[in-house]
Amino acid sequence: MTKEELLSQLNESQREAVSYCDGASLVIAGAGSGKTRVLTYKIAYLLQEMGLAPWNILALTFTNKAAREMKERIARIVGEERARYLQMGTFHSIFARILRSEAAAIGYQSNFTIYDQADSRSLVKNIIKEMQLDEKQYKPASVADQISMAKNHVILPEAFAGCSLYDNKHPLVTDIYKRYVERCRQANAMDFDDLLVQTFLLFEHHEDIRRKYVEKFHFVLVDEYQDTNYAQQRILLQLTRERQRVCVVGDDAQSIYSFRGANIDNILNFRGAYTNARLFKLEQNYRSTQLIVEAANSLIRKNERQIPKDVYSHNEHGEKLQLKPAYSDREEAIIVCKDIRRIMREDHCEYSDFAILYRTNAQSRSFEEQMRKDGIPYRIYGGLSFYQRKEIKDVIAYFRTVCNPDDEEAMRRIINYPTRGIGNTTVQKVVDCAMQHGVSLFSVISMPVFYQLDVTKGTAAKLETFRQQIEAWRTKLDTEDAYTLGHAIIMESGISKDIYSSRNPEDLSRQENLEEFVAGMQDFVESRREEDQGDHVQLGDFLQEVALLTDLDSDSDEEQARVSLMTVHAAKGLEFPTVFVVGLEENIFPSPMCTGSMRQLEEERRLLYVAITRAEKHCILTCAQNRFRYGTLENDPPSRFIRDIDPKLLHVEGESAEAERPWRRSAGQQDWMQNPRPVATQFLADPKPRAVAKPKPEPPVDPFSQDFKRLLHTASGGRYKPVASVAPSAAVSASHSCGLREGSMIEHQRFGIGKVVRLEGTGDNEKATVEFRNAGTKQLLLKFAKYKVID
DNA sequence: CGGCCCCGCGTTTTT
DNA sequence: CGCGGGGCCG
């Protein structure tokens with residue numbers, strides 16, 4: 001591709017951003033303005049026009065998926081060969097690689113383990129217990145979050161007491177933090193935040209090493225810059241302050257990750273850090289209709305902290321945003337399902353053209369149920385990651401122990417799994433002993449006599465057997481590939497036996513998960529072998545990959561079109577012709593956890609902005625007046641953000657009933673949010689039957705029955721009326737999230753054609769019993785099964 | 001040491 | 001309501 005051809009693919013502002021390579025630049029890319037396009041073309045431009053070698057370009061992204069997709073797109077422009085050597089990946093994966101090769105300089109071994117959030121929390125919890133603190137006062141999760149936040153701001157334990165995170169009610173967090181850091185070191189482990197902090201410290205204390213990487217990376221690009229935290233910003237500065245050859249791309253209006261340390265000031269003040277930085281704005285939105293863009297603009301304009309910009313669209317006018325009030329979460333789901341059917345008829349589109357976005361994962365439930373009833377195929381993203389499932393974590397803990405026997409959290413997990421008679425008492429003795437001598441658990445187990453470990457003969461023998469088993473696998477680390485060794489560990493450790501001899505035969509999902517995991521391991525080894533040729537793929541390589549991989553990254557070779565259900569956070573970077581933003585009530589969106597500070601409220605508002613701007617053609621908001629949560633009925637007013645949207649751009653269903661819709665009252669009138677909530681709950685049975693001998697004849701109230709509607713009507717003083725008379729859908733034969741019904745014919749990737757004879761389970765545990773023509777009867781865990789519905 | 005029962009708790013989430 | 005952790009008992 002010539003320079004002219006390359007640049008002709010871009011609009012004027014994109015072209016300017018791409019071709020400016022002389023110094024630092026900040027590209028503010030409005031929603032749908034072709035941000036990824038600019039990044040890919042810019043890298044192509046650097047390669048072709050500026051003559052940079054691919055290994056001299058560093059591109060940092062936030063997800064593996066983003067990195068992979070961008071690499072593919074660049075390969076299409078400049079060819080596989082050159083794209084392959086680009087230094088492209090997430091902050092964490094790139095820095096993990098650097099840290100492994102420079103481990104010695106900071107006193108680590110290069111086989112260090114990466115602790116995930118669960119490991120961090122568990123370690124914090126152990127420390128709190130050992131310090132004999134009250135777990136009510138020092139909640140492990142919250143302390144772990146504080147430590148994480150401190151690290152994101154590069155505040156080391158010594159400085160913690162003086163920082164703003166420190167609060168007088170919990171003075172001992174400082175000590176917990178100190179111990180935590182020590183323990184990570186003893187375990188030769190880094191948590192996710194360490195991958196940043198340690199990289200920063202490495203560059204800060206070892207100028208020679210910093211120079212080496214400055215020399216290596218001639219140009220640095222950062223995607224989603226609005227989501228970087230302080231540590232990331234500092235490292236970026238370390239790498240680029242001499243050359244100033246850096247380009248960051250982002251949208252301050254889409255900064256929604258402050259809860260994990262992202263700091264919107266990074267992008268707002270970029271030109272404070274790089275004084276000569278040029279600013280480019282991409283303001284033309286190619287994704288959405290004009291009315292959607294304008295409605296989103298009207299919302300985000302209510303925020304004070306932002307870089308002024310004027311996002312516009314030249315696409316068709318389109319229709320207004322729709323607001324559809326519902327009585328209950330169940331009716332909300334019914335409305336959405338009806339609308340999906342309606343729009344499919346009108347627009348002749350597929351299930352995969354729809355997304356349902358919500359604030360919290362728990363909200364998926366009502367939609368799941370309704371879509372199953374209606375036979376609408378769907379896929380839920382997020383929730384529990386595959387790698388967070390117990391059986392998978394156990395296997396990984398074995399792998400981790402074999403690669404790095406000092407890994408305390410992994411050791412604790414597997415030392416008595418499967419049960420081998422090493423109970424809590426023994427574990428605690430080993431831990432105490434290790435702490436006393438300042439060594440790892442494995443050191444104590446290896447030399448119990450030397451460390452004067454006080455256990456009975458029998459226990460000592462059990463520990464020794466365990467140690468020998470680990471050591472035996474360790475000798476194979478260099479000679480066997482990840483798959484062979486991993487498979488051996490699963491078989492020989494007794495994990496396999498434990499899972500397959502499980503007393504409840506219904507518990508088949510664990511087996512399938514394990515099989516999926518083993519298959520994934522095999523795939524990994526094979527694909528890596530092709531890439532790197534020759535060298536065999538070690539277990540450690542697999543662990544490195546897995547530690548930084550998530551569910552969303554996994555291959556989604558969708559055979560079947562399905563409606564996507566996910567949180568707004570998970571939807572960032574995606575787009576859909578039709579988007580439903582559901583649950584727009586106070587105490588849901590904005591989340592009740594945000595205390596109302598302006599910063600937090602503005603972030604919640606940006607979150608809604610992100611949700612709306614995912615939509616290409618239709619954007620439909622829903623709001624339920626009553627919602628079951630934790631078994632009780634909640635009744636919240638509509639979200640305050642609804643009032644932030646320009647009323648001219650919002651069509652409320654049942655407009656005629658305006659007077660009765662509290663959120664349509666003009667400003668100045670008494671604030672509807674301050675009105676006492678209508679209490680429908682009082683008409684319902686007390687959800688927790690206490691010992692109090694009260695006559696409690698109330699049968700459970702079906703939230704969709706006529707009775708319930710009447711209750712709501714009375715409770716609200718007649719204010720709430722049905723938005724649409726929606727009959728509960730007639731009993732539909734058992735059907736499935738994947739569009740399956742009993743009797744469906746499917747074509748399975750491995751087993752061929754078969755007939756579904758039974759469906760059971762919900763959510764991730766949905767299983768189908770299928771009679772295959774040529775492969776007999778099989779049970780499939782639908783989350784992982786690869787198949788197509790043919791009838 | 002292991003299983004069972006009861007109590008408490010419950011934003012967003014990537015790496 | 002549903003899950004996970006802690007405590008108690010065999």
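For the pair A/I445/A/I415, a side-chain contact is recorded, criterion being any heavy-atom separation below 4.5 Å from C-beta on. You'll find the side chain of A/L608 stays beyond 4.5 Å of the side chain of A/D644, heavy atoms only.
Screening residues 421-431 of chain A for side-chain hydrogen bond (donor to acceptor under 3.5 Å, both in side chains) gives A/Q428-A/D432 as the qualifying pairs, with residues at least two apart or on separate chains. The stretch residues 127-138 of chain A participates, sequence neighbours left out, in these side-chain hydrogen bond (donor to acceptor under 3.5 Å, both in side chains) pairs: A/E130-A/R183.
Applying the salt bridge (Lys or Arg N to Asp or Glu O under 4.0 Å) criterion to A/D193, with sequence neighbours excluded, gives no partner residue. Every salt bridge (Lys or Arg N to Asp or Glu O under 4.0 Å) that A/R629 has, sequence neighbours left out, goes to A/E634.
Nucleic acid contact class of A/N361 (heavy atoms, under 4.0 Å, all strands): sugar-phosphate only. The residue A/F259 sits close to a base: some heavy atom pair falls under 4.0 Å.
When rounded to the nearest whole Å, the span between CG of A/D116 and P of B/dT13 equals 16 Å. Remark: P of B/dT14 and CZ of A/F192 are 11 Å apart, rounded to the nearest angstrom. Whole-Å rounding puts the A/H569 NE2 to B/dT14 P distance at 10 Å. Nucleotide B/dT11 holds its C1' atom 6 Å from the CE atom of A/M593, rounded to whole Å. Counting to the nearest Å, the P atom of B/dT13 and the CZ atom of A/F91 are 21 Å from each other. Between A/E634 atom CD and B/dG10 atom P there is a gap of 14 Å when expressed in whole angstrom units. Between A/E603 atom CD and B/dT11 atom P the separation is 17 Å, expressed in whole Å. Distance CD (A/E585) to C1' (B/dT12): 16 Å, rounded to an integer number of Å.
Between A/F542 and A/Y387, a ring centre-to-centre spacing not shorter than 6.0 Å is recorded.
Ring pair A/F517/A/F399 is tilted by interplanar angle, where 30° to 60° counts as tilted.
Residue-to-nucleotide contacts include no donor-acceptor pair under 3.5 Å from the side chain of A/R260 to the base of B/dT13.
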Between the protein and nucleotides 4-6 of chain C, are there any N/O to N/O pairs under 3.5 Å, and if so, what are the atom names and distances?
| from | atom 1 | to | atom 2 | distance (Å) |
| --- | --- | --- | --- | --- |
| C/dG6 | OP1 | A/K125 | NZ | 2.7 |

Show me the protein contacts with nucleotides 1-6 of chain B, counting only N or O atoms at under 3.5 Å.
| from | atom 1 | to | atom 2 | distance (Å) |
| --- | --- | --- | --- | --- |
| B/dC1 | OP1 | A/G423 | N | 2.3 |
| B/dC1 | OP1 | A/T426 | OG1 | 3.4 |
| B/dC1 | OP2 | A/N424 | N | 3.3 |
| B/dC1 | OP2 | A/T425 | N | 3.4 |
| B/dC1 | OP2 | A/T425 | OG1 | 3.1 |
| B/dG2 | OP2 | A/N416 | ND2 | 3.2 |

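If A/R629 and A/T90 are placed on DNA chain B by their nearest nucleotide, the residue sitting closer to the 5' end is A/R629.
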**A/T622 and A/E332: CA distance, side-chain angles, deciding distance, side-chain hydrogen bond (donor to acceptor under 3.5 Å, both in side chains) verdict** = CA-CA 7 Å; A/T622 66; A/E332 183 181 44; 2.7 Å; yes
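Between B/dT13, B/dT15, B/dT11, one nucleotide has an atom nearer to the side chain of A/T567 than all others, and that is B/dT13. Comparing B/dT15, B/dT11, B/dT13 by their nearest atom to the side chain of A/Y257 picks out B/dT13.
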